[in-house]
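First the structure, in the form of C-alpha cells, and then the observations on it.
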Amino acid sequence: MKLLCLKYNTMVFSVLLMMFSCERRPLEEMCEDKALLPIGTVWTLADIEPQNITALFYNQDNGKLVLEHRFENTPGRIQTYASVPVGKYTVVIFNELRGQIQGVGIRGYENLSTLEAYAAPDPNYKNRSNDNAYVYDPDILASVMVHDFYVTDEMISYSHLYNGEAINQSMKESLETLVGLVPLRKVHQFSMVVHVKGLNNARMPALVDLLGIAESYNFREDKNTRTGAVQQFTMNNRTYDSDSRKDGTISGTVYTWGLLGEKPNEANVQRDSPVQMDFLFMLVDAERTLVRQIVDVTSSIQLQTESHGATTLNLYVELPDPLPDVVPEGGGNSGFETEIIDWDIIEVPLNAK
C-alpha cells in the first residue's frame, strides 16, 4: 500500500512540475527547442485595418521557408507569439492570409527568391486582343521585411523561463525585434483624366484597356516584376468644358502594381516600356458605332510619393482624334440624354477600330 501511494504521489508531482515549469505559456508550447517570439504590427501609415496577418520566416542562408505564422490583427502592442527554432532569418509580414486580398494572389512562397504578389487573372474581360493577359485590379497589399534576424539558444531559454523579475534589457530587445513593425503599401492608386473632343457623341461609359503595367511584385527585390499585364475598366464621370457642349473629360481611378520593374516608392522611374490606354467608345447613333483610339501615355504619367509607401500615378491626356459627329438615336442633336451602356452585355469585336 505504501509503495502504491509513493508511485501515485510521484506521478502527481511530475504532472504538477510539468504544468508550472513554463509559466505564461500553454502546454503545447512547452517544448523548449524553439523561441517564443512576440510579433506586433502597426498599420497606421498603410492606412488599412487588416483582419488577419501573415508572417513568413525564411532561412537567410538558403532562402527556404521555415515557418508560416498566421494570426489575427488586434490593437495590442504584441499581437501573437511565434514558435521559431534557432537560425538566421529574413522575415516577411503582410496583411491578410494568402488568397484573402481581393484580386491578389501569393505565389512562390516556398522560397524568398520566388515570393511574389500578383494580380489575379480576370476571366470576365471583353476581349480586345488575342494575346493580352487581363487581370483584376489588385486591392491594397502592405508589407514589411526584416533581414538578419537571429534566433539563439539564449533567446529560447529567456523566452520560456523569464518570469518578469530579472530583466535582461539586451535580450528583451532582441526578442522584441518583430514588435512595432510598420508595413507600407506596395500597390498604387492611378488617377486618370482624359479630354475628349466630341464627347457628346459617345454613350457612357468608355471601355478602357490599360496596357504595359506590371502583373506582379517581388518581395525580395522590393519592386515590380517585368511581366506585363492588362487591366480593363470603364471610365465615366463625364464633365463638359465650361465653354462647350461638345468637348469634355472623362475620369476614373483604379489600383495597380504600377510600372514594370518599379520600386513602390520611386518617383523617378526609368520608363523604358510603353504604357498605353486603349479606349473604346460607343456612339449615340442607332447603329451604336464603335470607335477605338489607342494612346501612348507613358510620358504623361506623373508620380507622386505618398507617406503610405507607394506612389500615386496621375494622368491627364487628350485623345488625338475627336469623336465623329453622328445623329443621336431617336433624333435630336446631342448625346446629353443618352443611356449608360452596360458593356457586360455588348459583344466587342476583336477588330474594333
Side-chain angles (χ1 to χ4, degrees), residues 118-119 122 125 128-129 131-138 184-199 202 205-218 221-242 244 246-281 291-324 352-353:
Y118 65 94
D122 179 5
Y125 61 88
R128 313 274 290 279
S129 169
D131 56 2
N132 283 340
Y134 287 88
V135 297
Y136 283 114
D137 295 1
L184 297 175
R185 290 192 186 193
K186 306 303 177 182
V187 174
H188 303 307
Q189 179 176 293
F190 192 7
S191 298
M192 299 156 284
V193 178
V194 180
H195 190 263
V196 184
K197 294 178 180 178
L199 181 60
L207 184 65
V208 183
D209 281 5
L210 176 63
L211 303 94
I213 44 86
E215 179 259 1
S216 49
Y217 162 80
N218 183 280
E221 301 295 331
D222 189 29
K223 66 180 182 180
N224 295 334
T225 69
R226 299 198 64 83
T227 302
V230 180
Q231 290 175 233
Q232 187 174 90
F233 48 89
T234 56
M235 289 188 69
N236 204 338
N237 299 324
R238 180 183 300 205
T239 301
Y240 284 95
D241 297 345
S242 59
S244 174
K246 297 181 60 177
D247 307 335
T249 61
I250 55 176
S251 60
T253 299
V254 298
Y255 286 111
T256 177
W257 295 111
L259 307 181
L260 301 181
E262 169 196 7
K263 285 185 175 291
N265 60 353
E266 281 186 343
N268 298 308
V269 179
Q270 184 66 37
R271 303 173 188 180
D272 55 358
S273 298
V275 178
Q276 296 179 316
M277 294 183 72
D278 185 345
F279 297 88
L280 189 64
F281 294 91
V291 176
R292 184 178 185 181
Q293 294 195 42
I294 301 176
V295 182
D296 188 329
V297 300
T298 312
S299 61
S300 300
I301 298 174
Q302 301 298 317
L303 301 183
Q304 175 183 328
T305 58
E306 304 286 358
S307 60
H308 54 54
T311 58
T312 295
L313 285 69
N314 295 304
L315 171 71
Y316 179 89
V317 67
E318 180 154 358
L319 293 190
D321 301 318
L323 298 181
K353 298 294 184 182

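All heavy atoms count here, side chains included; hydrogens, waters and symmetry mates do not.
Residues forming a side chain to side chain donor-acceptor pair (under 3.5 Å) with Ser307 (at least two apart in sequence, or on another chain): none. In this view, Asp278 and Arg128, Arg292 satisfy the salt bridge (Lys or Arg N to Asp or Glu O under 4.0 Å) rule, not counting sequence neighbours. Taking the side chain to side chain contact (heavy atoms under 4.5 Å, CB included) definition, one finds that Asn237 meets it with Ser251, sequence neighbours left out. Here Thr239 pairs with Thr249 under the side chain to side chain contact (heavy atoms under 4.5 Å, CB included) rule; sequence neighbours left out. By the side chain to side chain contact (heavy atoms under 4.5 Å, CB included) test, Lys263 is found to be paired with Asp222, Lys223, Asn265, Glu266, residues two or more places apart in sequence or in another chain being considered. Annotation: salt bridge (Lys or Arg N to Asp or Glu O under 4.0 Å) contacts of Glu215 (sequence neighbours excluded): Arg107. Tyr136 is linked by a side chain to side chain donor-acceptor pair (under 3.5 Å) to Asn124, counting only residues two or more places apart in sequence or in another chain. Residues passing the side chain to side chain donor-acceptor pair (under 3.5 Å) test with Asn314, sequence neighbours excluded: Gln304. When the side chain to side chain contact (heavy atoms under 4.5 Å, CB included) test is applied to Thr256, the partners found at least two apart in sequence or on another chain are His188, Phe190, Ile213, Gln231.
Leu210 CG to Phe233 CZ: the interatomic distance, rounded to the nearest 0.5 Å, is 5.0 Å. Summarising the geometry, atom OG1 belonging to Thr298 is positioned 8.0 Å from atom CG belonging to Leu259; distances are rounded to the nearest 0.5 Å. Distance CG/Leu303 to CD/Glu262: 6.0 Å, rounded to 0.5 Å. The OH atom of Tyr255 sits 5.5 Å away from the CZ atom of Arg185 when rounded to the nearest 0.5 Å.
Ring-plane geometry between Tyr125 and Tyr134 is classed as parallel, the angle between the planes falling under 30 degrees on a 0 to 90 degree scale with a further cut at 60.
The nearest pair of heavy atoms linking Thr305 to Ala267 is CG2-CB, 3.6 Å. Between Leu323 and Ala202, the shortest heavy-atom contact is CD1-CB, 3.5 Å. Considering every non-hydrogen atom in both Gly309 and Leu184, the closest pair reads CA-CB, 3.9 Å. Annotation for Gly212 and Leu260: closest pair O-CG, 3.8 Å, computed over non-hydrogen atoms. Of all the heavy atoms in Leu211 and Asp209, the pair that sits closest is CD1-O, 3.5 Å.
Looking only at side-chain heavy atoms (C-beta outward), Lys246 and Pro322 stay at 4.5 Å or farther from each other. Two residues are said to be in side-chain contact when any heavy atoms from C-beta on lie closer than 4.5 Å; Leu319 and Val194 meet this criterion. Side chains of Leu207 and Thr234 form a contact here, defined as non-hydrogen atoms less than 4.5 Å apart. Between Pro264 and Tyr217 the shortest side-chain heavy-atom distance falls below 4.5 Å. Side-chain atoms of Met277 and Leu315, non-hydrogen and from C-beta on, do get closer than 4.5 Å to each other. Between Ile250 and Pro205, the closest side-chain pair of non-hydrogen atoms is not below 4.5 Å.
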Working note: Tyr316 + Gln302, criterion side-chain contact (heavy atoms from CB on, under 4.5 Å); need CA distance, chi angles, decisive distance, verdict. CA-CA 9 Å; Tyr316 179 89; Gln302 301 298 317; over 6 Å; no

Checking Trp257 against Val187 for the side-chain contact (heavy atoms from CB on, under 4.5 Å) test, could you report, in this order, the C-alpha distance in whole Å, the side-chain angles of both residues, the deciding distance, and whether it holds? CA-CA 5 Å; Trp257 295 111; Val187 174; 3.3 Å; yes

side-chain contact (heavy atoms from CB on, under 4.5 Å) between Arg238 and Val196, intermediate numbers included: CA-CA 10 Å; Arg238 180 183 300 205; Val196 184; over 6 Å; no

Determine whether Asn132 and Gln232 satisfy the following criterion, side-chain contact (heavy atoms from CB on, under 4.5 Å), listing intermediate values before the conclusion. CA-CA 11 Å; Asn132 283 340; Gln232 187 174 90; over 6 Å; no

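In this structure, the side chain of Asp296 does not engage the main chain of Gln276 through any donor-acceptor pair within 3.5 Å. Between the side chain of Asp241 and the backbone N or O of Ser244, no donor-acceptor pair lies under 3.5 Å.
Within the structure, the salt bridge (charged side-chain N to carboxylate O under 4.0 Å, His left out) test picks out the following pairs touching residues 309-321 (sequence neighbours left out): Lys197-Glu318.
A donor-acceptor pair shorter than 3.5 Å can be found between the side chains of Ser216 and Thr225.
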